[in-house]
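Only one structure is covered here, and it is reproduced in the block below.
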Amino acid sequence: MEECISVFDMLKIGVGPSSSHTLGPWRAAERFLGELRNENLIHAVNRVKIDLYGSLSLTGKGHATDLAVMLGLSGQDPEYIPVENIDVIIKSIESKNEINLGNEKPIPFYFLKDIVFNKNFLPFHANGMTFTAYMTDDSQYVSTFYSIGGGFVVKEEHINAKKKIQIKCAFPYPIEKAAELLDYCKKENKSISEIVYENEKSMRTEAVIDHELMRIWKTMLECMYIGCHSEGILPGGLNVRRRAFDMHQKLIGLSNYNSPQTWLEQIRLTEVKFRQILKWVSCFALAVNEVNAALGRVVTAPTNGSAGVIPAVLMYYLVIENHNAGEKEIKQFLMVAGEIGSIFKKGSTISAAMGGCQAEIGVSSSMAAAALCELMGGTPEQVLMAAEIAMEHHLGLTCDPIGGLVQIPCIERNTMGAIKAINAAELALETDPKNAKVPLDKVVDTMWQTAKDMNNKYKETSEGGLAIAVNMADC
């Protein structure tokens, strides 16, 4: 039976630098607290230990996994925590050797001892973590979670239970594959975004859907704005200099603005020759992922490491292609992007630890290409073709972050994904779908097969590729 995945599952507001290694473990810690509360155990806990496995262990420090679990266990919400409070909370835990469990009960916590990095992999998924609570009566409560990409967290027993129990999807148009989506569009004479909107209305009111979609966009816009106005060196030890600030200064000139929205309006007045367009799109993508690398607030789309592609392409449409575009087009774009992302999640993976960077930048580029294609007047067939083209030219892309940090090559890679998305949309718009040779579903299947064939060294372990060709000392 089809799995119901909402647009708001694919586009989530959180904190950088990684959806699978930061947001996922953070959410897992929150769920662990929830389990303790449900069992009425939280006030009986006198110690907590966290075991990180596989990719979470190998690149966890560079992805702030240890910080994420501490913040989650402290009862902080990644969607709403003021980012300036993060460093204060972490320093307090480290200096006091104490964590305020669930913001309810202070217990001793020695982060160098109570967070254990185990290089071995758990069999179910590359991103495994086990939480152990030690009670005052010497009993233990143990729970294991898996961060499967995009901030999604599962437990193995729940996945196995789903296999045995047929779960009916509440969506009026349940979708597992792109071919099913296209059939609905044809039968109902609707665009992809209209089909998605009908599905969303089965879960939320129109007012809530509209408000939340615009909250996602406002977070994206603010993230680009912050990134374009922040300079300096990114944290982590690679001494990576922010580039969006300097690029933006050259592009924007002496424009006068005082908010993200007035900034957007000023960009519409700038020169738009081909080179400037390339620079603006790259600047937007760089800005987002520099904010992400600095533990800023971003929208997981579909992951944090690929968070810059979708906002950069949507911003391109708003400031270059259609100066009259507003909320209607923004919501339309986000709904199409979310649906394409869900098709990849169901049929393949959005986790770099499972599929390399084709699962992150590749999927985000595919999502953005499809969304842009619909806004540019593409038919549903052309929209799916745009998604296929974008992914086809990301197949096999490895994930080999230097130092386990979401910086090199991750930040630049978002600029490439955004430019490819625009190119893919244009190619699809100029192509008769009848002449298409490769359907989107075949590319999804191929991506998953490529993921399974890919050497683990290139799956977010920092054990191959650039991660060993260039070491921290070289930087």
Side-chain angles (χ1 to χ4, degrees), residues 7 9-24 55 59 63 127 147-152 216 219-220 223-224 227 244 281-282 284-293 296-316 333-334 336-338 340-345 348-372 387 390-391 393-401 405-422 424 444 447 451 458-460:
V7 170
D9 293 322
M10 299 307 303
L11 305 174
K12 296 189 282 287
I13 298 171
V15 171
S18 170
S19 53
S20 59
H21 288 56
T22 315
L23 182 58
S55 181
T59 62
H63 288 70
N127 292 333
S147 179
I148 61 172
F152 289 89
I216 286 169
T219 303
M220 288 179 170
C223 183
M224 287 185 280
V281 174
S282 297
F284 299 144
L286 287 175
V288 171
N289 286 83
E290 287 173 356
V291 169
N292 180 64
R297 177 156 285 117
V298 300
V299 176
T300 300
T303 68
N304 283 28
S306 60
V309 175
I310 286 171
V313 175
L314 178 49
M315 189 70 160
Y316 158 79
F333 186 102
L334 296 176
V336 175
I340 297 300
S342 75
I343 289 171
F344 276 99
K345 184 182 182 299
S348 184
T349 180
I350 58 170
S351 166
M354 292 296 287
C357 204
Q358 61 173 357
E360 296 202 19
I361 293 295
V363 173
S364 64
S365 185
S366 188
M367 293 164 68
L372 179 62
M391 174 50 76
H393 301 290
H394 281 94
L395 288 173
L397 189 60
T398 60
C399 181
D400 48 356
L405 296 163
V406 192
Q407 296 181 20
I408 304 174
C410 322
I411 296 173
E412 281 184 358
R413 199 164 272 176
N414 277 261
T415 71
M416 301 300 170
I419 296 299
K420 282 187 181 181
I422 296 169
V444 174
M447 180 196 152
Y458 304 112
K459 295 182 180 180
E460 209 169 2

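FYI, the numbering just counts along the sequence from 1.
No side-chain heavy atom of F284 sits less than 4.5 Å from a side-chain heavy atom of V313. Within the 4.5 Å cutoff, side-chain heavy atoms of S348 are placed close to those of V444. Looking only at side-chain heavy atoms (C-beta outward), H21 and V406 stay at 4.5 Å or farther from each other. Contact annotation: the side chain of P409 approaches that of D400 to within less than 4.5 Å [non-hydrogen atoms, C-beta and beyond].
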Derivation and outcome, side chain to side chain contact (heavy atoms under 4.5 Å, CB included), residues T219 and R297: CA-CA 8 Å; T219 303; R297 177 156 285 117; 4.0 Å; yes
For M367 and F333: C-alpha separation, side-chain torsions, deciding distance, then whether side chain to side chain contact (heavy atoms under 4.5 Å, CB included) applies. CA-CA 9 Å; M367 293 164 68; F333 186 102; over 6 Å; no
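Among residues two or more places apart in sequence or in another chain, the ring-ring contact (aromatic ring centres under 6.0 Å, His included) test is passed with F344 by none. Residues that satisfy the side chain to side chain donor-acceptor pair (under 3.5 Å) test with S306, not counting sequence neighbours, are T303. Checked against side chain to side chain contact (heavy atoms under 4.5 Å, CB included), A369 has the following partners two or more places apart in sequence or in another chain: A386, A390, A421, A424. Applying the side chain to side chain contact (heavy atoms under 4.5 Å, CB included) test to A359 and every residue at least two apart in sequence or in another chain returns T349, M447. With sequence neighbours excluded, the residues forming a side chain to side chain donor-acceptor pair (under 3.5 Å) with N289 are N414, listed by chain and number. When the side chain to side chain contact (heavy atoms under 4.5 Å, CB included) test is applied to A352, the partners found at least two apart in sequence or on another chain are E360, C399, E460.
The nearest pair of heavy atoms linking T22 to V15 is CG2-O, 4.2 Å. Nearest heavy-atom pair across A293 and Q407 is CB-CG, 3.9 Å. Heavy atoms only, all atoms of each residue included: N292 and P17 are closest at ND2-O, 2.6 Å. In terms of heavy atoms, A301 sits closest to S364 at O-CB, 3.5 Å. Residues S351 and N127 share a closest heavy-atom pair of OG-ND2, 4.0 Å. When every heavy atom of V299 is checked against every heavy atom of A307, the shortest pair comes out as O-CB, 3.4 Å.
For the pair T415 (side chain) and E412 (backbone), a donor-acceptor distance under 3.5 Å is present. Checked by atom type and distance alone, the side chain of Q358 pairs as donor or acceptor with a backbone atom of G396 at under 3.5 Å. The closest donor-acceptor contact from the side chain of K12 to the backbone of G151 lies at 3.5 Å or more, if one exists at all. Although no hydrogens or angles enter the test, the distance criterion places no donor-acceptor pair under 3.5 Å between the side chain of T300 and the main chain of G150. Remark: side-chain polar atoms of S20 are not paired, donor with acceptor, to backbone N or O of G149 under 3.5 angstrom. A side-chain donor-acceptor contact under 3.5 Å links T59 to the backbone of S55.
Between the OG atom in S18 and the CG atom in L405 there is a gap of 11.5 Å [rounded to 0.5 Å]. Note that OG of S365 and CE of M391 are 8.0 Å apart. Values are rounded to the nearest 0.5 Å. Atoms CE and CG, on M224 and L314 in that order, are 7.0 Å from each other to the nearest 0.5 Å. In this structure, the separation between NE2 on H393 and NZ on K420 is 8.0 Å, given to the nearest 0.5 Å. Remark: L23 CG to S147 OG distance equals 7.5 Å, nearest 0.5 Å.
Each of L334, I13, V298, V288 was checked for a side chain to side chain contact (heavy atoms under 4.5 Å, CB included) with M220, and the lone residue meeting it is L334.
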